[in-house]
Undergrad: 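Got a structure for you, questions after.
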Amino acid sequence: MVLGPGGSGVSVLAAAGALDLAEASRATRRADGAGATRPSWASVGSTLLVTVDPRSPLPRLLGVFRVPGEAVSVTAELDLLTLDRLAVTESAWIDFTAALNSAGAVGNLLPVVGTIAGIDAGELAGLPGAQEFLLLRAVREAATSGRWQRIVVDLSGAGDPYELLRAPTVLATAISRLWPRHRRLAEASEKPALAPLAGAVEGIARDCEDLGELFTDPHAVAAHLVLPGGERGVEALGDHAALADLMGLPLRSVLVDAGPGLLPTDPVTAAARRVFGAEAGSAVSVLAIDGADAAPSRLSQLRRLDVRLPAPNGRPRGAAAANVVHLGGEGLAARYRLSWRQRLADPERLALGRSGDDLLVTVSGFRHPVRLPSVLRRCRVTGADWDGESLQVDFAPDPAVWPQR
């Protein structure tokens with residue numbers, strides 16, 4: 001995944017990185033043909049570049065036609081897939097309503113179901129979170145199709161990339177509140193006509209959970225943060241590093257783009273090395289990308305940018321690496337601490353809350369639910385602290401729900 005603030009060159013560097021992976025694949029094929037040993041990180045196979053922006057400049061930049069929803073060949077080893085969120089939403093809604101209509105009598109049992117089934121797909125354009133969830137599901141389907149060995153996802157042009165990646169978690173929470181799993185399974189068992197609706201909702205809930213796990217899986221995914229050179233890049237770094245920690249994104253590199261204006265990259269790379277400390281250069285690569293006099297307009301110019309996207313390293317980060325420590329005591333006297341490495345650009349804007357099984361954490365104005373480990377779900381929060389590096393939240397058993405011996 002390649003992401004960053006708007007106007008920082010995310011699309012250009014995503015395309016250049018995808019080309020580099022495609023070239024590495026072709027070189028590996030040749031080396032294998034000559035009997036050479038294949039590098040462990042390079043798998044033979046093609047590369048897919050995905051953009052979630054229906055107005056992305058990538059088709060023009062790569063010299064291919066824009067065909068939303070279909071992979072277009074750019075080179076022998078590189079394809080481009082442009083996803084149109086409206087088209088993806090309409091297609092998914094047609095499938096969903098078909099499942100509802102297949103029950104026939106459901107509309108008579110529950111008039112609201114008949115009303116839902118009658119909504120036109122185009123009317124879903126304004127439903128919060130629906131389009132984002134479906135876009136990510138389309139990306140997952142491409143990644144798991146077996147057709148490509150590597151998927152590079154350009155997250156520019158879709159608004160806030162963190163809001164996009166958070167959508168499955170938010171949608172799953174909404175589903176759980178509106179129709180909890182135990183209720184929908186029980187009602188489907190009691191009224192077989194509800195089974196198609198319950199099954200469709202269950203499928204969406206499973207997809208939400210799967211997507212939330214996929215995009216924080218450090219064994220399968222690597223996130224790459226693109227920052228512009230100059231003061232704007234320095235200012236953006238803190239918030240983006242904090243949000244990546246909060247969401248548990250497996251950040252593997254920071255790419256500082258000088259851009260056509262040849263902005264200075266040294267201040268940004270130096271700031272990134274300070275922010276990531278011991279991780280910089282090992283777990284998180286910090287790379288400066290030399291700019292050009294003009295924006296790239298063809299493949300040969302993209303190749304000259306020499307963008308390398310490090311592979312996943314299997315190391316969970318941030319909230320995805322949260323650790324629970326038993327501080328002592330037994331039964332109702334037990335005390336626990338949940339902690340993870342959390343960078344904060346502005347500690348004054350940190351806020352915590354609790355909603356069911358989730359810890360609601362707000363960082364730099366962005367709120368994200370962190371699912372609590374099972375041992376803490378029957379506990380109440382007793383305190384919290386940030387020591388400059390890690391967020392630490394203390395818990396004690398809630399007598400109202402804690403199992404009694």
Undergrad: With no hydrogens and no angle check, is any side-chain donor or acceptor of S145 less than 3.5 Å from a backbone partner on A142?
TA: yes
Undergrad: Just verifying a value: how many Å separate H368 NE2 and D245 CG, rounded to the nearest 0.5 Å?
TA: 12.0 Å
Undergrad: If we ignore hydrogens and angles and just use 3.5 Å, is the side chain of S176 paired with the main-chain N or O of A172 as donor and acceptor?
TA: no
Undergrad: Report yes or no: does D358 contribute a side-chain atom to a donor-acceptor pair with the main-chain N or O of L360 at less than 3.5 Å?
TA: no
Undergrad: With rounding to the nearest 0.5 angstrom, report the CH2 to CG distance, W402 to L332.
TA: 8.0 Å
Undergrad: List the steps, then state whether salt bridge (charged side-chain N to carboxylate O under 4.0 Å, His left out) holds for D306 with R304.
TA: CA-CA 5 Å; D306 193 27; R304 285 200 291 270; over 6 Å; no
Undergrad: Will you find, in the side chains of D394 and T382, an N or O donor that is under 3.5 Å from an N or O acceptor?
TA: no
Undergrad: Between N323 and S339, is there a side-chain donor-acceptor contact under 3.5 Å, judged purely by atom types and distance?
TA: no
Undergrad: If only side-chain N and O atoms count, and only distance matters, is there a donor-acceptor pair under 3.5 Å linking T51 with T82?
TA: no
Undergrad: Can you sort out the partners of S355 under side chain to side chain donor-acceptor pair (under 3.5 Å), two or more places apart, ordered by chain and number?
TA: R177
Undergrad: Tell me if the aromatic rings of Y162 and H240 count as close, with their centers under 6.0 Å from one another.
TA: yes
Undergrad: Hey, could you give me the OG1/CZ distance between T144 and R147, rounded to the nearest 0.5 Å?
TA: 13.5 Å
Undergrad: Run the numbers on D398 and R378 for salt bridge (charged side-chain N to carboxylate O under 4.0 Å, His left out), then give the verdict.
TA: CA-CA 6 Å; D398 184 346; R378 292 187 176 92; over 6 Å; no
Undergrad: Crowded around R303 CZ? As in, over 12 foreign heavy atoms under 6.0 Å?
TA: yes
Undergrad: Not counting sequence neighbours, which residues clear side-chain contact (heavy atoms from CB on, under 4.5 Å) with S253? List them please.
TA: H224, L255, S285, P310
Undergrad: Can you check whether T47 reaches Q149 side chain to side chain, under 4.5 Å on heavy atoms?
TA: no
Undergrad: Is any NZ, NE, NH1 or NH2 atom of the basic residue among R166 and E132 found under 4.0 Å from an Asp or Glu carboxylate oxygen of the other?
TA: no
Undergrad: Using a 3.5 Å distance criterion without hydrogens, assess whether the side chain of R184 forms a donor-acceptor pair with backbone atoms of V201.
TA: no
Undergrad: Measure from the side-chain N and O atoms of R377 to the backbone N and O of L372, and report whether any donor-acceptor pair falls under 3.5 Å.
TA: yes
Undergrad: Using a strict cut-off of less than 4.0 Å between a Lys/Arg side-chain nitrogen and an Asp/Glu carboxylate oxygen, indicate whether D210 and R140 qualify as a salt bridge.
TA: yes
Undergrad: Salt bridge check: are E279 and R343 linked by an N-O gap of less than 4.0 Å?
TA: yes
Undergrad: When V2 is tested against each of V152, L225, V12 for side-chain contact (heavy atoms from CB on, under 4.5 Å), which residue passes?
TA: V152
Undergrad: Examine distances only and state if a side-chain atom of S282 and a backbone atom of A278 form a donor-acceptor pair shorter than 3.5 Å.
TA: yes
Undergrad: Going through the checks in order, is the side chain to side chain contact (heavy atoms under 4.5 Å, CB included) test met by R66 and V72?
TA: CA-CA 8 Å; R66 186 188 307 274; V72 178; over 6 Å; no
Undergrad: Among residues at least two apart in sequence or on other chains, which ones pass side-chain contact (heavy atoms from CB on, under 4.5 Å) with L344?
TA: Q342, P347, L350, V363, W386
Undergrad: Mark yes or no for whether R354, through its side chain, and G356, through its backbone, hold a donor-acceptor pair below 3.5 Å.
TA: yes
Undergrad: Checking the side chain of T362 only, and the main-chain atoms of G365 only, is there a donor and an acceptor separated by less than 3.5 Å?
TA: no
Undergrad: Would you say the side-chain atoms of W179 and E187 include a donor-acceptor pair closer than 3.5 Å?
TA: yes
Undergrad: Could you measure the distance from the CD1 atom of I289 to the CG atom of L227? Nearest 0.5 Å is fine.
TA: 11.5 Å
